[in-house]
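Report on the structure given below.
Remember, predicted model here, so these are calculated numbers, not experimental data.
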Amino acid sequence: MSDTEPPVEDRGLSKEAAGDIEVVAKGGGVQIAGQLTHRTLTMVFLLVAARILAPVGYGLYLQASRILAIGAQLGLAGFNYAAMRFITLARAKDDHAGVRGTARIALTAATFTSLSVLVILLVTADLIADAFAKGRADPSELADLIRIGAAYVPLFAYMQVLRYCTQAYKTMVPSVMAGEIVQPAFRFVLGVGFLLLGFGVAGAVTSFVISLAAGAVLAGYYFRRMLTPAEREAAPRGDRRAVIRFALPQAGSSLLGVQSLGLGIIVLGIITGDAAVGLFGLALNIQAPGGIFLSGIVNIWAPVVSDLHDRGAIDRLDALYKTITRWVATFSFPFYATLILEPDLFVDVLGGSKFAAATSVVAVLAVGNLFYSGTGPTGYVISMTGRPGVNFANSIVAVVLYVVLGIMIVPDHGVLGMAFVDAGVTAFINSVRVIEAKILVGIQPFGRSFFKPVLATAIGAAVLFAWRAWPGDPIWLEIAGLTVAGLVYIVVLKVLGVDAEERYVWERIKSRAFRRGSRT
């Protein structure tokens with residue numbers, strides 16, 4: 001800390017709270033930068049694919065990639081989270097053998113499960129493709145894509161386990177470099193190149209597989225470098241049963257998460273066809289920027305939860321939980337409010353006239369995402385305090401509701417009905433998780449200052465809604481309205497005041513920038 005910075009106690013923060021915030025803010029900042037890179041590259045790639053492949057081809061690609069992603073989660077089997085949790089606990093106790101042993105157990109187990117899934121995909125590709133054959137002239141086209149991309153499964157497992165091993169060291173740089181920068185960059189360059197060369201959906205799938213190989217190699221290199229001399233020399237030792245007991249229910253939770261599973265694409269692909277999947281997929285892609293902050297913060301949040309809970313520091317965990325949730329709301333709420341009020345602008349710019357039917361879908365999905373972001377990283381609070389089975393049960397309920405409601409509603413109401421199902425299930429399950437975290441851990445995500453981004457978003461949205469009454473709708477006028485509403489949002493936040501946590505983070509940013517500048 002520089003000589004000009006006042007003690008953290010003078011800002012209303014204890015040294016412990018300031019340390020917790022700095023760990024999460026620093027790691028989250030790195031992860032958010034990576035997420036911006038990853039999601040920008042992914043979004044541009046998907047938009048290029050949508051323009052070249054049109055809704056039908058784009059829908060086919062989304063179905064193939066979603067089937068492979070589900071296979072990858074099955075193959076991973078939760079051993080990435082188990083590795084992160086048990087390495088974190090081993091490092092806290094200076095158990096060098098436990099660090100190496102946990103990593104070895106997780107990698108060995110993930111190898112077995114992922115190769116098993118790869119074989120199953122190769123054997124059952126035709127059966128899977130037949131289930132998605134509605135409206136498609138040649139069902140074997142999807143089966144071929146599944147076989148082309150089957151190597152995705154073990155490569156994904158290796159990359160994720162190794163990335164999460166590095167996260168146990170409470171740093172995000174290696175994980176971000178491997179999974180958020182190098183892997184998506186390879187996918188973008190190769191994918192766009194293959195599409196422009198006319199390789200179509202098969203080229204897009206192939207680019208995904210190659211990019212995962214690059215990410216896995218880099219993640220392994222980083223983890224090897226991060227091991228301390230004592231950890232390298234220690235004879236591997238770990239509790240295999242404990243790792244597996246934690247991993248498997250967490251695998252179920254990760255696999256059956258509504259967002260990660262992409263159930264809307266699966267249900268629409270089976271009941272309707274490729275075109276509806278393409279519309280829904282574009283609407284999901286448009287939502288992505290709003291989730292950057294939440295997804296960027298959770299990976300550093302997870303080992304911090306394990307550490308603080310293991311020490312019994314529940315008050316610190318509660319304070320940090322509230323701070324992070326407020327941060328997430330501050331960055332995500334205005335974006336989702338904009339999608340609710342101006343979905344047509346985003347669909348027209350990003351998808352073009354062929355995707356005009358996705359406009360209402362974008363708005364409905366954004367309502368559900370307000371609940372997803374507004375309840376903070378609650379799932380990790382439940383899992384990383386040793387209760388992955390609770391999250392697994394939540395996920396089972398979510399999937400059952402999603403599938404049953406989808407079967408009931410989609411045949412009559414199509415892709416818009418699927419959007420209402422998605423939003424409703426998302427809102428319900430995330431609300432339930434908040435109640436569970438309060439009962440099981442004794443903490444909840446809403447502090448007194450949570451109302452600030454809520455009020456600022458409401459006022460900014462009111463301004464944007466009033467702006468829409470202006471006659472005519474040229475794109476420059478819509479962009480001007482968004483700019484004015486955004487400025488109003490920032491001004492309202494400023495008037496409501498900045499809390500001690502935000503001041504501390506901002507002072508640390510300024511301090512680092514000043515010191516760096518003085519060296520140059």
Side-chain angles (χ1 to χ4, degrees), residues 46 49-50 53-75 117 120-150 152-153 201-202 204-205 208 252 254-285 287 355 357-358 360-361 364-365 368 395-426 429:
L46 291 175
L53 300 174
V56 173
Y58 185 58
L60 178 61
Y61 168 72
L62 290 176
Q63 289 171 77
S65 60
R66 183 46 45 196
I67 291 166
L68 293 171
I70 292 171
Q73 285 293 341
L74 280 170
V117 173
I120 292 171
L121 283 176
L122 292 175
V123 172
T124 64
D126 292 311
L127 294 175
I128 296 171
D130 286 342
F132 290 82
K134 189 175 181 65
R136 186 179 300 121
D138 184 10
S140 66
E141 189 175 9
L142 181 57
D144 292 339
L145 292 173
I146 293 172
R147 293 190 175 98
I148 289 172
Y152 172 106
V153 176
V201 180
V205 172
F208 213 174
S254 300
L255 173 65
L256 299 180
V258 169
Q259 269 76 21
S260 59
L261 186 58
L263 266 180
I265 290 173
I266 300 297
V267 173
L268 285 169
I270 293 173
I271 296 177
T272 57
D274 296 342
V277 172
L279 295 173
F280 192 77
L282 183 79
L284 287 175
N285 193 27
Q287 311 288 318
F355 288 87
S360 298
V361 179
V364 173
L365 290 176
S395 297
I396 291 174
V397 172
V399 168
V400 170
L401 284 174
Y402 205 102
V403 172
V404 170
L405 291 173
I407 292 172
M408 293 171 58
I409 294 173
V410 169
D412 293 330
H413 300 283
V415 65
L416 183 59
M418 189 76 265
F420 274 102
V421 171
D422 188 289
V425 173
T426 298
I429 290 297

For the student: nearest non-hydrogen atoms of Gly417 and Ile409, plus distance
CA-CG2, 3.7 Å
Closest heavy-atom pair, Val364 versus Ala423, reported as atoms and distance to 0.1 Å, is O-CB, 3.4 Å
Side chain to side chain contact (heavy atoms under 4.5 Å, CB included), that's the test. Do Ile128 and Ile146 meet it? Break it down for me.
CA-CA 9 Å; Ile128 296 171; Ile146 293 172; 3.8 Å; yes
Tyr61 side, atom OH; Arg66 side, atom CZ - distance, nearest 0.5 Å:
10.0 Å
State the CD1-CG distance between Ile265 and Leu268, to the nearest 0.5 angstrom.
8.5 Å
Heavy-atom closest pair, residues Ala129 and Ala143:
CB-N, 3.6 Å
Beyond-backbone contact of Ile120 with Leu74, side-chain heavy atoms, under 4.5 angstrom
no
Of all heavy-atom pairs linking Ala358 and Ala283, the shortest is O-CB, 4.4 Å
Minimum side-chain heavy-atom gap Leu62-Leu284 below 4.5 Å:
no
Distance-minimising heavy-atom pair for Ile148 and Ala202
CD1-CB, 4.1 Å
Gap between atom CG of Leu145 and atom CG of Leu68 - 0.5 Å precision:
8.5 Å
Considering all heavy atoms of both residues, which atom of Ala150 and which atom of Leu122 are nearest to each other, and what is their separation?
CB-CD2, 3.8 Å
Say you draw a straight line from CG of Leu365 to CG of Leu416; how long is it, rounded to the nearest 0.5 Å?
9.0 Å
Starting from the C-alpha separation in whole Å, work towards a yes-or-no answer on side chain to side chain contact (heavy atoms under 4.5 Å, CB included) for Arg147 and Asp126.
CA-CA 10 Å; Arg147 293 190 175 98; Asp126 292 311; 2.9 Å; yes
Give, for atom CD1 of Ile271 and atom CE of Met418, the distance between the pair rounded to the nearest 0.5 Å.
7.5 Å
Donor-acceptor under 3.5 Å (Tyr402 side chain, Gly264 main chain):
yes
Return the CG to CG distance between Asp422 and Leu405, rounded to the nearest 0.5 Å.
11.0 Å
Step-by-step side chain to side chain contact (heavy atoms under 4.5 Å, CB included) determination, Val201 to Leu53:
CA-CA 8 Å; Val201 180; Leu53 300 174; 4.0 Å; yes
